[in-house]
Undergrad: 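Let me begin by handing over the structure; questions about it come next.
These values consider heavy atoms only, across backbone and side chains, with no hydrogens, waters or symmetry-generated copies. So you know, we letter chains A, B, ... as the sequences are listed, proteins then strands, and number each from 1.
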There are 2 protein chains.
Amino acid sequence: MGKLTARAIVERALEIGDAEGLDAVTIRRLAADLDVTPMALYWHFKNKDRLLVGMADHLVAGFAPAPADDRSWERRLRDLVEGLIRVLRGHPCARQVLEQVDQSEVPGFLAVWDQALGLCRAAGFSVEESCMISKYLLQSAVAIADAPMHFDAGRTPAEIDEIVRRKRLGLESLSADAYPNLVAMAGPMAGSMDPALYDSFGVDLVLSGIEALAARR
Amino acid sequence: MGKLTARAIVERALEIGDAEGLDAVTIRRLAADLDVTPMALYWHFKNKDRLLVGMADHLVAGFAPAPADDRSWERRLRDLVEGLIRVLRGHPCARQVLEQVDQSEVPGFLAVWDQALGLCRAAGFSVEESCMISKYLLQSAVAIADAPMHFDAGRTPAEIDEIVRRKRLGLESLSADAYPNLVAMAGPMAGSMDPALYDSFGVDLVLSGIEALAARR
DNA sequence: ACCTGAACACCGTTCAAGT
DNA sequence: ACCTGAACACCGTTCAAGT
């Protein structure tokens, strides 16, 4: 029997969240899954918010930012974003978790943030600009990682098709007068898009904005 | 005595959410505020999720996108984003609400989305690219509108100062070895930045990325 | 059509107590 | 140090009933 440890609790919580959504992660449900009393969890986490912070930290814990080297800041910033996306991809509930916690209380997230800040400064941005850009960058990475076509975890291709199909039908059945473009582009909007292309285009979009601003100064 | 109507419920819900955060918006609490039984609300909204959709729609309802004219797509896209930001600014809980609902079920949001899609197509992007860009654009607008320095509603300048101060202290007290940049830039990171500059820089950042990609094709 | 009353199956959290 | 039991103050929601 594995011991009840903070790590075991967080991992079980992420399993539940990934499989059934973050709403299913409940102190009582989690305790039941761990064969323990709900109050047992309160010894390891002072309240549910701290548990969520623990979950968030576990999400990015596997992500060690590369040490400084002689690559360009553009290259390093891109690697940072792509690395973060790759790590978050492993957990369907990543975005929900990171939305619920104060990210400045998550050590692993602060590490990525710090790295982004340094790269922005290296790119020649002011302190204020670097703050904005780094926040924006991390937020975009989380959003890209949560792309609609990446709920693959535990679902069969047939199930994914069904979800996409229903989404598309919902869009197609809108008023073509009120939303002409949405109706016309229902297919791609619903998420039937090549994932690899989605990712690289998303990262391009975010980084090209930063690079354009850097070039302008 | 105002009658109990869907609109009155939504407006009261937004008041509570703006003043005390979305967590305070509870069926029971809301009913008590409206001097009515909790179950009364279920006649107007089939469940809490539909109420949230109603709140989200009310947020953007005041936002009528400009009709097509002869301005450039860059100009019109920028006006769209700035307009959306301006409307969301009025409600501190806007981001929380828009995060919790499926945005494709919010008519007012679909209208903005449709407009963004049309402008992306006009810019020469493919259908797939337009879908990504428009999603990204709206998401960024919501994020910018929710900027940390804009929780002004109902709070005195002294209270804001206190919040910013505590946030800054939290960052400054981090390990300078682990997070050198965060510690060094604690002040601006905590949110003591000029709001107008924050907004315009944020919009610039997002739009310059789109424009750079458009120019590249 | 519009609202109430009572009930059900849940929550997070505290506090004293056990080992 | 680590966990349990019982209790408190909440939730969202259903269902039958009132007007």
Undergrad: One character per nucleotide, please: for nucleotides 8-13 of chain D, 5' to 3', B when the base has a protein heavy atom closer than 4.0 Å, S when only the sugar-phosphate does, - otherwise.
TA: ---BBB
Undergrad: Quick one: which of D:dC3, C:dC3, C:dC2 gets closest to the side chain of B:V36?
TA: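 Ranking D:dC3, C:dC3, C:dC2 by closest atom to the B:V36 side chain puts C:dC3 first.
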Undergrad: Answer yes or no: is there a side-chain heavy-atom contact under 4.5 Å between A:H44 and A:L41?
TA: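 In short, these two side chains do not touch, never coming nearer than 4.5 Å.
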Undergrad: Can you tell me how far CD of B:E82 sits from CG of B:L77, rounded to the nearest 0.5 angstrom?
TA: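 Going from CG on B:L77 over to CD on B:E82, the span is 10.5 Å.
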Undergrad: Starting at atom CH2 of B:W43, determine the distance to atom C1' of D:dA16, rounded to an integer number of angstrom.
TA: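 The distance from CH2 of B:W43 to C1' of D:dA16 comes to 18 Å, rounded to the nearest Å.
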Undergrad: Can you run down the salt bridge (charged side-chain N to carboxylate O under 4.0 Å, His left out) pairs that involve residues 52-64 of chain A, sequence neighbours left out, and say none if there aren't any?
TA: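 Every candidate salt bridge (charged side-chain N to carboxylate O under 4.0 Å, His left out) pair involving residues 52-64 of chain A fails, so no pair, neighbours aside, qualifies.
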Undergrad: Out of A:V127, A:I133, A:L137, A:I210, which residue meets the side chain to side chain contact (heavy atoms under 4.5 Å, CB included) rule with A:C120?
TA: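 The residue from A:V127, A:I133, A:L137, A:I210 that satisfies side chain to side chain contact (heavy atoms under 4.5 Å, CB included) with A:C120 turns out to be A:I133.
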Undergrad: Got a salt bridge between A:D102 and B:K167, using NZ or NE/NH1/NH2 to carboxylate O under 4.0 Å?
TA: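 A salt bridge is present here (some side-chain N lies under 4.0 Å from a carboxylate O).
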Undergrad: If we ignore hydrogens and angles and just use 3.5 Å, is the side chain of B:E128 paired with the main-chain N or O of A:P188 as donor and acceptor?
TA: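 No.
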Undergrad: Using Watson-Crick or G-U wobble pairs with both distances under 3.5 Å, give me DNA chain D in dot-bracket, 5' to 3', with [ ] for crossers and | for pairs to another strand.
TA: ||.|||||...|||||.||
Undergrad: Quickly work out the A:K3 NZ to D:dA1 P distance and round it to whole Å.
TA: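 The answer, rounded to whole Å, is 13 Å.
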Undergrad: Rounded to the nearest 0.5 Å, what separation is found between the CE atom of B:M185 and the CH2 atom of A:W113?
TA: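 It comes to 12.0 Å.
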Undergrad: Are any of A:H44's side-chain N or O atoms less than 4.0 Å away from OP1 or OP2 of D:dA1?
TA: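 Answer no for this pair, as no side-chain N or O of A:H44 is under 4.0 Å from OP1 or OP2.
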Undergrad: Can you tell me if B:R86 has over 12 outside heavy atoms packed within less than 6.0 Å of its CZ?
TA: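 Not more than 12 within 6.0 Å, no.
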